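Presented below is the structure to which this report refers.
Since the model is a prediction, treat every value here as computed from it, not as a measurement. The chain is numbered in sequence order, starting from 1.
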Amino acid sequence: MTTPDWSQATAAMLAHIEATSRQVSTGVPHWADPVTGRWTVTPDGDWTGGAWVGQLWLAKLLRNPVPQTVPGRWLKRIRPRLDKRTAFKGFTFYYGAALGQILFSDEDAAAVATTAAEGLADLYDDALGLIPLGEDAEEHCAIGTAESSIDSLVASPLLLWSAAVNDDERHRVIATAHADRVLENHVRDDGSVIQSTTLDPANGKVLRSHTHKGYNDTSIWGRAQAWAMLCGSMCALRQPEQTAWLDYARRTCDWWLANVPGDGVAYWDFDDPAIPDTSRDTAATAMAASALLKLASLLGEGEGQRYREAASRSVAALVRGYLAVDEYAEYPQGMLRGGCFTRRPDSRPQDRAADDVELVFGSYMLLETLLVLDGAADATTL
(Lines give C-alpha, C1' and ligand atoms only; values in the text may rest on other atoms or scores of the structure.)
Protein backbone atom coordinates (compact mmCIF):
# COMPACT_ATOMS: atom_id res chain seq x y z
CA MET A 1 0.00 0.00 0.00
CA THR A 2 1.47 3.33 -1.04
CA THR A 3 1.43 6.36 1.23
CA PRO A 4 -1.14 8.98 0.17
CA ASP A 5 -0.12 12.45 -0.88
CA TRP A 6 -0.51 14.24 2.45
CA SER A 7 -0.22 17.66 0.77
CA GLN A 8 -3.14 16.89 -1.57
CA ALA A 9 -5.32 15.91 1.39
CA THR A 10 -4.24 19.05 3.24
CA ALA A 11 -5.09 21.25 0.25
CA ALA A 12 -8.56 19.69 0.07
CA MET A 13 -9.14 20.36 3.77
CA LEU A 14 -8.00 23.97 3.40
CA ALA A 15 -10.47 24.45 0.56
CA HIS A 16 -13.20 23.03 2.79
CA ILE A 17 -12.24 25.39 5.62
CA GLU A 18 -12.60 28.33 3.26
CA ALA A 19 -15.98 27.10 2.02
CA THR A 20 -17.21 26.56 5.58
CA SER A 21 -16.11 30.02 6.69
CA ARG A 22 -18.19 31.51 3.87
CA GLN A 23 -21.21 29.31 4.52
CA VAL A 24 -21.47 29.86 8.28
CA SER A 25 -22.50 33.46 8.79
CA THR A 26 -23.67 33.11 12.39
CA GLY A 27 -22.71 30.70 15.14
CA VAL A 28 -19.89 28.15 15.02
CA PRO A 29 -19.66 24.88 13.01
CA HIS A 30 -20.61 21.77 15.03
CA TRP A 31 -21.26 18.95 12.54
CA ALA A 32 -22.05 18.80 8.84
CA ASP A 33 -24.29 16.61 6.69
CA PRO A 34 -22.10 14.79 4.11
CA VAL A 35 -24.84 14.85 1.46
CA THR A 36 -25.86 18.51 1.59
CA GLY A 37 -22.68 19.90 3.14
CA ARG A 38 -24.89 21.97 5.43
CA TRP A 39 -23.48 22.70 8.88
CA THR A 40 -25.39 22.40 12.12
CA VAL A 41 -24.10 25.34 14.15
CA THR A 42 -24.17 26.36 17.78
CA PRO A 43 -24.43 29.96 18.97
CA ASP A 44 -21.25 29.95 21.06
CA GLY A 45 -19.39 26.89 19.83
CA ASP A 46 -20.69 24.35 22.35
CA TRP A 47 -17.75 22.23 23.58
CA THR A 48 -16.57 21.61 20.01
CA GLY A 49 -16.11 25.17 18.72
CA GLY A 50 -12.50 25.48 19.75
CA ALA A 51 -11.65 22.78 17.22
CA TRP A 52 -12.99 24.99 14.43
CA VAL A 53 -10.84 27.92 15.55
CA GLY A 54 -7.97 25.46 15.91
CA GLN A 55 -8.32 24.54 12.24
CA LEU A 56 -7.96 28.22 11.40
CA TRP A 57 -4.76 28.48 13.45
CA LEU A 58 -3.40 25.53 11.49
CA ALA A 59 -4.51 27.13 8.22
CA LYS A 60 -2.66 30.29 9.23
CA LEU A 61 0.42 28.18 9.88
CA LEU A 62 0.22 27.27 6.20
CA ARG A 63 -0.14 30.96 5.34
CA ASN A 64 -3.71 30.60 4.19
CA PRO A 65 -4.66 34.18 3.14
CA VAL A 66 -8.47 34.04 3.05
CA PRO A 67 -9.86 36.90 5.24
CA GLN A 68 -12.86 34.89 6.47
CA THR A 69 -10.52 32.39 8.09
CA VAL A 70 -8.69 34.82 10.39
CA PRO A 71 -8.77 32.94 13.75
CA GLY A 72 -9.30 36.04 15.90
CA ARG A 73 -12.62 36.80 14.18
CA TRP A 74 -13.96 33.40 15.15
CA LEU A 75 -12.39 33.34 18.60
CA LYS A 76 -14.77 36.17 19.52
CA ARG A 77 -17.72 33.87 18.84
CA ILE A 78 -16.62 31.30 21.42
CA ARG A 79 -15.54 33.77 24.10
CA PRO A 80 -18.95 33.61 25.88
CA ARG A 81 -17.98 30.07 26.93
CA LEU A 82 -15.36 31.52 29.24
CA ASP A 83 -18.17 31.96 31.78
CA LYS A 84 -19.32 28.33 31.58
CA ARG A 85 -18.73 26.12 34.59
CA THR A 86 -17.50 22.99 32.85
CA ALA A 87 -14.26 21.07 32.60
CA PHE A 88 -14.87 20.77 28.86
CA LYS A 89 -13.83 24.34 28.22
CA GLY A 90 -10.31 23.02 28.54
CA PHE A 91 -10.76 21.58 25.04
CA THR A 92 -12.49 24.69 23.72
CA PHE A 93 -9.78 27.10 24.73
CA TYR A 94 -6.71 24.92 24.32
CA TYR A 95 -7.36 24.54 20.61
CA GLY A 96 -9.29 27.78 20.18
CA ALA A 97 -6.89 30.09 22.04
CA ALA A 98 -3.76 28.51 23.55
CA LEU A 99 -2.86 27.15 20.11
CA GLY A 100 -2.69 30.73 18.85
CA GLN A 101 -0.08 31.55 21.48
CA ILE A 102 1.81 28.30 20.86
CA LEU A 103 2.07 28.79 17.10
CA PHE A 104 2.11 32.59 16.75
CA SER A 105 2.67 34.15 20.20
CA ASP A 106 -0.73 35.79 19.75
CA GLU A 107 -1.28 37.94 22.85
CA ASP A 108 -5.07 38.20 22.55
CA ALA A 109 -5.39 34.44 22.22
CA ALA A 110 -3.05 33.95 25.18
CA ALA A 111 -5.19 36.25 27.33
CA VAL A 112 -8.36 34.31 26.46
CA ALA A 113 -6.67 30.98 27.17
CA THR A 114 -5.34 32.25 30.49
CA THR A 115 -8.81 33.38 31.54
CA ALA A 116 -10.17 29.93 30.66
CA ALA A 117 -7.41 28.28 32.69
CA GLU A 118 -8.24 30.45 35.69
CA GLY A 119 -11.86 29.40 35.42
CA LEU A 120 -10.88 25.74 35.32
CA ALA A 121 -8.63 26.11 38.34
CA ASP A 122 -11.49 27.72 40.28
CA LEU A 123 -13.64 24.65 39.58
CA TYR A 124 -11.15 22.31 41.27
CA ASP A 125 -12.72 20.41 44.18
CA ASP A 126 -10.29 19.52 46.99
CA ALA A 127 -12.50 16.73 48.33
CA LEU A 128 -12.77 15.07 44.92
CA GLY A 129 -9.14 15.69 44.01
CA LEU A 130 -10.18 16.77 40.51
CA ILE A 131 -12.23 19.19 38.43
CA PRO A 132 -15.77 17.78 38.19
CA LEU A 133 -17.68 17.97 34.92
CA GLY A 134 -19.53 21.03 36.16
CA GLU A 135 -23.08 22.27 36.00
CA ASP A 136 -22.69 23.54 32.42
CA ALA A 137 -21.27 20.32 30.99
CA GLU A 138 -22.87 19.35 27.70
CA GLU A 139 -24.31 16.01 28.75
CA HIS A 140 -27.42 14.18 27.63
CA CYS A 141 -28.88 14.07 31.14
CA ALA A 142 -28.67 15.89 34.45
CA ILE A 143 -25.48 15.19 36.35
CA GLY A 144 -24.56 15.48 39.99
CA THR A 145 -21.98 17.79 41.47
CA ALA A 146 -19.50 14.92 41.87
CA GLU A 147 -19.46 13.45 38.36
CA SER A 148 -16.30 12.93 36.35
CA SER A 149 -15.33 11.46 32.98
CA ILE A 150 -12.25 10.71 30.92
CA ASP A 151 -13.41 13.55 28.65
CA SER A 152 -12.64 16.01 31.46
CA LEU A 153 -8.94 15.19 31.17
CA VAL A 154 -8.87 17.93 28.51
CA ALA A 155 -8.63 20.44 31.37
CA SER A 156 -5.07 19.45 32.26
CA PRO A 157 -3.27 20.34 28.97
CA LEU A 158 -4.68 23.88 29.13
CA LEU A 159 -3.67 24.26 32.77
CA LEU A 160 -0.19 22.90 32.06
CA TRP A 161 0.12 25.34 29.17
CA SER A 162 -0.84 28.20 31.50
CA ALA A 163 1.52 26.98 34.20
CA ALA A 164 4.43 27.18 31.75
CA VAL A 165 3.50 30.39 29.94
CA ASN A 166 2.36 32.33 33.01
CA ASP A 167 4.70 30.69 35.54
CA ASP A 168 1.63 29.74 37.55
CA GLU A 169 2.44 27.02 40.08
CA ARG A 170 -1.20 26.79 41.23
CA HIS A 171 -2.24 25.77 37.72
CA ARG A 172 0.52 23.17 37.59
CA VAL A 173 -0.51 21.63 40.91
CA ILE A 174 -4.19 21.47 39.92
CA ALA A 175 -3.42 20.10 36.46
CA THR A 176 -1.26 17.38 37.98
CA ALA A 177 -3.78 16.36 40.63
CA HIS A 178 -6.63 16.37 38.10
CA ALA A 179 -4.76 14.26 35.55
CA ASP A 180 -3.60 11.78 38.20
CA ARG A 181 -7.09 11.22 39.56
CA VAL A 182 -8.94 11.12 36.22
CA LEU A 183 -6.51 8.61 34.74
CA GLU A 184 -6.58 6.49 37.90
CA ASN A 185 -10.39 6.44 37.93
CA HIS A 186 -10.99 5.70 34.26
CA VAL A 187 -8.15 3.60 32.84
CA ARG A 188 -8.48 -0.11 33.56
CA ASP A 189 -5.51 -2.37 34.24
CA ASP A 190 -5.53 -3.69 30.67
CA GLY A 191 -5.40 -0.16 29.20
CA SER A 192 -9.07 0.05 28.20
CA VAL A 193 -11.12 3.03 29.33
CA ILE A 194 -14.41 3.41 31.17
CA GLN A 195 -15.88 6.80 30.34
CA SER A 196 -17.52 8.09 33.53
CA THR A 197 -17.51 7.90 37.29
CA THR A 198 -19.90 9.02 39.99
CA LEU A 199 -17.96 10.08 43.08
CA ASP A 200 -18.67 10.50 46.75
CA PRO A 201 -18.76 14.28 47.18
CA ALA A 202 -17.28 13.98 50.68
CA ASN A 203 -14.08 12.15 49.78
CA GLY A 204 -13.93 11.49 46.01
CA LYS A 205 -14.35 7.72 46.34
CA VAL A 206 -15.67 6.09 43.16
CA LEU A 207 -19.26 5.02 43.78
CA ARG A 208 -20.06 3.92 40.23
CA SER A 209 -18.24 3.52 36.93
CA HIS A 210 -20.17 3.63 33.70
CA THR A 211 -20.05 4.58 30.02
CA HIS A 212 -22.89 6.97 29.35
CA LYS A 213 -22.27 7.61 25.65
CA GLY A 214 -21.28 4.13 24.55
CA TYR A 215 -23.22 0.97 23.75
CA ASN A 216 -23.83 0.11 27.41
CA ASP A 217 -22.57 0.95 30.88
CA THR A 218 -19.46 -1.23 30.68
CA SER A 219 -18.60 -0.91 26.99
CA ILE A 220 -15.50 0.78 25.61
CA TRP A 221 -16.72 3.81 23.70
CA GLY A 222 -14.24 4.66 20.96
CA ARG A 223 -13.96 8.32 21.81
CA ALA A 224 -13.42 7.60 25.52
CA GLN A 225 -10.40 5.49 24.62
CA ALA A 226 -9.16 8.23 22.29
CA TRP A 227 -9.56 10.94 24.96
CA ALA A 228 -7.32 8.99 27.33
CA MET A 229 -4.73 8.40 24.62
CA LEU A 230 -4.70 12.00 23.41
CA CYS A 231 -4.78 13.88 26.69
CA GLY A 232 -2.48 11.42 28.42
CA SER A 233 0.10 11.98 25.68
CA MET A 234 -0.36 15.76 25.80
CA CYS A 235 0.14 15.82 29.55
CA ALA A 236 3.23 13.61 29.33
CA LEU A 237 4.72 15.92 26.70
CA ARG A 238 4.22 18.99 28.88
CA GLN A 239 5.44 17.39 32.10
CA PRO A 240 7.77 14.48 31.23
CA GLU A 241 8.85 14.01 34.83
CA GLN A 242 5.39 12.56 35.49
CA THR A 243 6.38 9.12 34.22
CA ALA A 244 3.02 7.61 35.21
CA TRP A 245 1.36 9.71 32.51
CA LEU A 246 3.65 8.23 29.87
CA ASP A 247 2.72 4.77 31.15
CA TYR A 248 -1.00 5.58 30.86
CA ALA A 249 -0.48 6.96 27.35
CA ARG A 250 1.43 3.88 26.28
CA ARG A 251 -1.09 1.42 27.80
CA THR A 252 -4.15 3.11 26.32
CA CYS A 253 -2.46 3.39 22.91
CA ASP A 254 -1.39 -0.25 23.04
CA TRP A 255 -4.95 -1.32 23.86
CA TRP A 256 -6.23 0.69 20.88
CA LEU A 257 -3.73 -0.88 18.50
CA ALA A 258 -4.58 -4.37 19.74
CA ASN A 259 -8.32 -3.86 19.25
CA VAL A 260 -8.87 -1.42 16.37
CA PRO A 261 -10.09 -3.05 13.12
CA GLY A 262 -7.52 -4.11 10.57
CA ASP A 263 -8.11 -1.06 8.39
CA GLY A 264 -7.21 1.23 11.31
CA VAL A 265 -10.61 2.98 11.50
CA ALA A 266 -12.48 2.43 14.77
CA TYR A 267 -16.12 1.59 15.25
CA TRP A 268 -18.06 4.01 17.42
CA ASP A 269 -17.94 1.52 20.32
CA PHE A 270 -15.56 -1.42 20.53
CA ASP A 271 -18.26 -3.58 22.18
CA ASP A 272 -21.20 -2.96 19.86
CA PRO A 273 -22.47 -6.51 19.07
CA ALA A 274 -23.56 -5.32 15.61
CA ILE A 275 -19.95 -4.96 14.45
CA PRO A 276 -19.19 -4.89 11.52
CA ASP A 277 -22.68 -3.63 10.63
CA THR A 278 -22.55 -0.50 12.73
CA SER A 279 -21.11 3.00 12.62
CA ARG A 280 -17.46 3.85 12.31
CA ASP A 281 -16.08 6.93 14.03
CA THR A 282 -13.51 8.80 11.99
CA ALA A 283 -13.28 11.51 14.66
CA ALA A 284 -12.21 9.07 17.36
CA THR A 285 -9.76 7.55 14.86
CA ALA A 286 -8.22 10.94 14.02
CA MET A 287 -7.91 11.72 17.74
CA ALA A 288 -6.16 8.41 18.28
CA ALA A 289 -3.78 9.10 15.38
CA SER A 290 -2.87 12.45 16.93
CA ALA A 291 -2.18 10.67 20.22
CA LEU A 292 -0.04 8.02 18.53
CA LEU A 293 2.10 10.69 16.85
CA LYS A 294 2.59 12.47 20.17
CA LEU A 295 3.54 9.23 21.90
CA ALA A 296 5.96 8.46 19.07
CA SER A 297 7.63 11.82 19.64
CA LEU A 298 7.89 11.13 23.36
CA LEU A 299 9.52 7.75 22.85
CA GLY A 300 11.89 8.68 20.03
CA GLU A 301 12.81 7.02 16.76
CA GLY A 302 13.40 3.54 18.13
CA GLU A 303 10.46 2.62 20.35
CA GLY A 304 8.26 5.34 18.93
CA GLN A 305 8.48 4.16 15.33
CA ARG A 306 5.68 1.60 15.57
CA TYR A 307 3.30 4.23 16.96
CA ARG A 308 4.13 6.64 14.15
CA GLU A 309 3.63 3.90 11.57
CA ALA A 310 0.28 2.97 13.13
CA ALA A 311 -0.82 6.62 13.03
CA SER A 312 0.24 6.87 9.39
CA ARG A 313 -1.79 3.77 8.49
CA SER A 314 -4.93 5.12 10.17
CA VAL A 315 -4.56 8.56 8.59
CA ALA A 316 -4.04 6.93 5.19
CA ALA A 317 -7.24 4.92 5.70
CA LEU A 318 -9.14 8.08 6.63
CA VAL A 319 -7.85 9.94 3.58
CA ARG A 320 -8.59 7.07 1.20
CA GLY A 321 -11.96 6.06 2.54
CA TYR A 322 -13.55 9.08 4.17
CA LEU A 323 -11.99 12.33 2.91
CA ALA A 324 -13.17 13.97 -0.31
CA VAL A 325 -9.89 14.98 -1.93
CA ASP A 326 -11.19 16.45 -5.19
CA GLU A 327 -14.22 18.13 -6.73
CA TYR A 328 -15.44 14.86 -8.24
CA ALA A 329 -16.16 13.24 -4.87
CA GLU A 330 -19.73 12.39 -3.88
CA TYR A 331 -19.61 14.80 -0.96
CA PRO A 332 -18.03 18.26 -0.47
CA GLN A 333 -14.32 18.52 -1.18
CA GLY A 334 -12.20 18.35 1.97
CA MET A 335 -15.01 16.98 4.15
CA LEU A 336 -14.18 14.17 6.56
CA ARG A 337 -17.32 12.04 6.78
CA GLY A 338 -17.86 8.99 9.00
CA GLY A 339 -18.02 10.77 12.34
CA CYS A 340 -20.43 9.45 14.95
CA PHE A 341 -21.31 11.47 18.04
CA THR A 342 -23.07 8.52 19.64
CA ARG A 343 -25.72 5.96 18.74
CA ARG A 344 -27.31 6.20 22.16
CA PRO A 345 -31.03 7.09 21.83
CA ASP A 346 -30.85 9.24 24.96
CA SER A 347 -28.18 11.56 23.55
CA ARG A 348 -28.69 15.28 23.16
CA PRO A 349 -31.23 16.14 20.42
CA GLN A 350 -28.69 18.20 18.46
CA ASP A 351 -26.30 15.23 18.38
CA ARG A 352 -28.71 12.33 17.91
CA ALA A 353 -28.78 12.62 14.13
CA ALA A 354 -25.00 12.99 13.86
CA ASP A 355 -24.05 9.61 12.43
CA ASP A 356 -21.76 9.34 9.40
CA VAL A 357 -21.22 13.10 9.43
CA GLU A 358 -18.34 15.51 9.61
CA LEU A 359 -17.54 16.29 13.24
CA VAL A 360 -15.62 19.54 13.53
CA PHE A 361 -13.16 18.18 16.10
CA GLY A 362 -12.45 15.14 13.95
CA SER A 363 -11.53 17.43 11.08
CA TYR A 364 -9.19 19.41 13.32
CA MET A 365 -7.43 16.22 14.42
CA LEU A 366 -7.05 14.93 10.87
CA LEU A 367 -5.61 18.24 9.65
CA GLU A 368 -3.19 18.28 12.58
CA THR A 369 -1.98 14.76 11.84
CA LEU A 370 -1.56 15.55 8.14
CA LEU A 371 0.67 18.51 8.98
CA VAL A 372 2.73 16.42 11.40
CA LEU A 373 3.16 13.57 8.93
CA ASP A 374 4.12 16.04 6.19
CA GLY A 375 6.66 17.79 8.42
CA ALA A 376 4.78 21.11 8.50
CA ALA A 377 4.08 20.91 12.25
CA ASP A 378 5.71 19.36 15.30
CA ALA A 379 3.65 16.87 17.32
CA THR A 380 5.46 17.88 20.51
CA THR A 381 4.21 21.47 20.40
CA LEU A 382 0.54 20.99 19.45
Exercise for the section: State yes or no: are the ring centers of Tyr331 and His16 separated by less than 6.0 Å? Expected result: no
Exercise for the section: Work out which heavy atom in Val315 is nearest to a heavy atom in Trp6; give both atom names and the distance. Expected result: CG1-CZ3, 3.4 Å
Practice task
Please confirm whether Trp161 and Phe93 have ring centers closer than 6.0 angstrom.
Solution key: no
Would you mind writing out the side-chain donor-acceptor pairs for residues 121-132 within the sub-3.5 Å range, not counting sequence neighbours?
unit_1	atom_1	unit_2	atom_2	d
Asp122	OD1	Arg170	NH2	3.0
Asp125	OD1	Ala127	N	2.9
Asp125	OD1	Leu128	N	3.1

Practice task
Look at the side chain of His186 and the backbone N and O of Val182, then say whether any donor-acceptor pair between them is shorter than 3.5 Å.
Solution key: yes
Exercise for the section: Using a cut-off of 6.0 Å, state whether more than 12 heavy atoms not belonging to Asp167 lie near its atom CG. Expected result: no
Exercise for the section: Could you tell me whether the side chain of Thr86 and the main chain of Phe88 form a donor-acceptor pair under 3.5 Å? Expected result: yes
Problem - ILVMFWY clustering at 4.5 Å (side-chain atoms), partners of Ile275 - result: Tyr267
Practice task
State, without any angle test, whether Ser196 and Glu147 hold a side-chain donor-acceptor pair at a distance under 3.5 Å.
Solution key: no
Handout entry: Under 3.5 Å side-chain donor-acceptor pair for Thr40 and His30
Key = no
Practice task
Show your reasoning for whether salt bridge (charged side-chain N to carboxylate O under 4.0 Å, His left out) applies to Asp254 and Arg306.
Solution key: CA-CA 10 Å; Asp254 285 346; Arg306 76 181 186 95; 2.6 Å; yes
Practice task
Measure the CZ-CG distance between Arg251 and Leu183 for me, rounded to the nearest 0.5 Å.
Solution key: 9.0 Å
Practice task
Kindly compute the distance separating SG (Cys340) from NZ (Lys213), expressed to the nearest 0.5 Å.
Solution key: 11.5 Å
Side-chain polar contacts of residues 368-378 - donor-acceptor pairs under 3.5 angstrom, sequence neighbours left out - could you list them?
unit_1	atom_1	unit_2	atom_2	d
Glu368	OE1	Tyr364	OH	2.7
Glu368	OE2	Ser290	OG	2.6
Glu368	OE2	Lys294	NZ	2.8
Thr369	OG1	Met365	O	3.3
Thr369	OG1	Leu366	O	2.7
Asp378	OD1	Thr380	N	3.0
Asp378	OD1	Thr380	OG1	2.9
Asp378	OD2	Thr380	OG1	2.9

Practice task
Measure the CD-CG distance between Glu118 and Leu82 for me, rounded to the nearest 0.5 Å.
Solution key: 11.5 Å
Handout entry: Distance in Å, His212 NE2 paired with Thr197 OG1, rounded so as to fall on 0.5 Å steps
Key = 10.5 Å
Which atom pairs, donor and acceptor, lie under 3.5 Å between side-chain atoms of residues 232-243 and protein residues at least two apart or in another chain?
unit_1	atom_1	unit_2	atom_2	d
Ser233	OG	Met229	O	2.8
Arg238	NH2	Tyr94	OH	3.2
Gln239	NE2	Thr176	OG1	3.0

Problem - Spacing of CD belonging to Glu18 relative to CG belonging to Leu56, to within rounding of 0.5 Å - result: 10.5 Å
Practice task
Would you mind listing the cluster partners of Tyr215? Hydrophobic ones only (ILVMFWY), side-chain contacts under 4.5 Å, chaining allowed.
Solution key: Trp221, Trp268
Handout entry: Considering all heavy atoms, the nearest Ile220-Gln225 contact
Key = CG2-OE1, 3.6 Å
Exercise for the section: Inspect the surroundings of CD in Glu301 and state if more than 12 heavy atoms from other residues, nucleotides or ligands are less than 6.0 Å away. Expected result: no
Handout entry: Nearest-0.5 Å distance that lies between atom NZ in Lys89 and atom CD1 in Ile78
Key = 12.0 Å
Can I get a per-line list of side-chain donor-acceptor pairs under 3.5 Å for residues 108-117, giving both atom names and the distance, sequence neighbours left out?
unit_1	atom_1	unit_2	atom_2	d
Thr114	OG1	Ala110	O	2.8
Thr114	OG1	Asn166	ND2	3.1
Thr115	OG1	Ala111	O	3.0

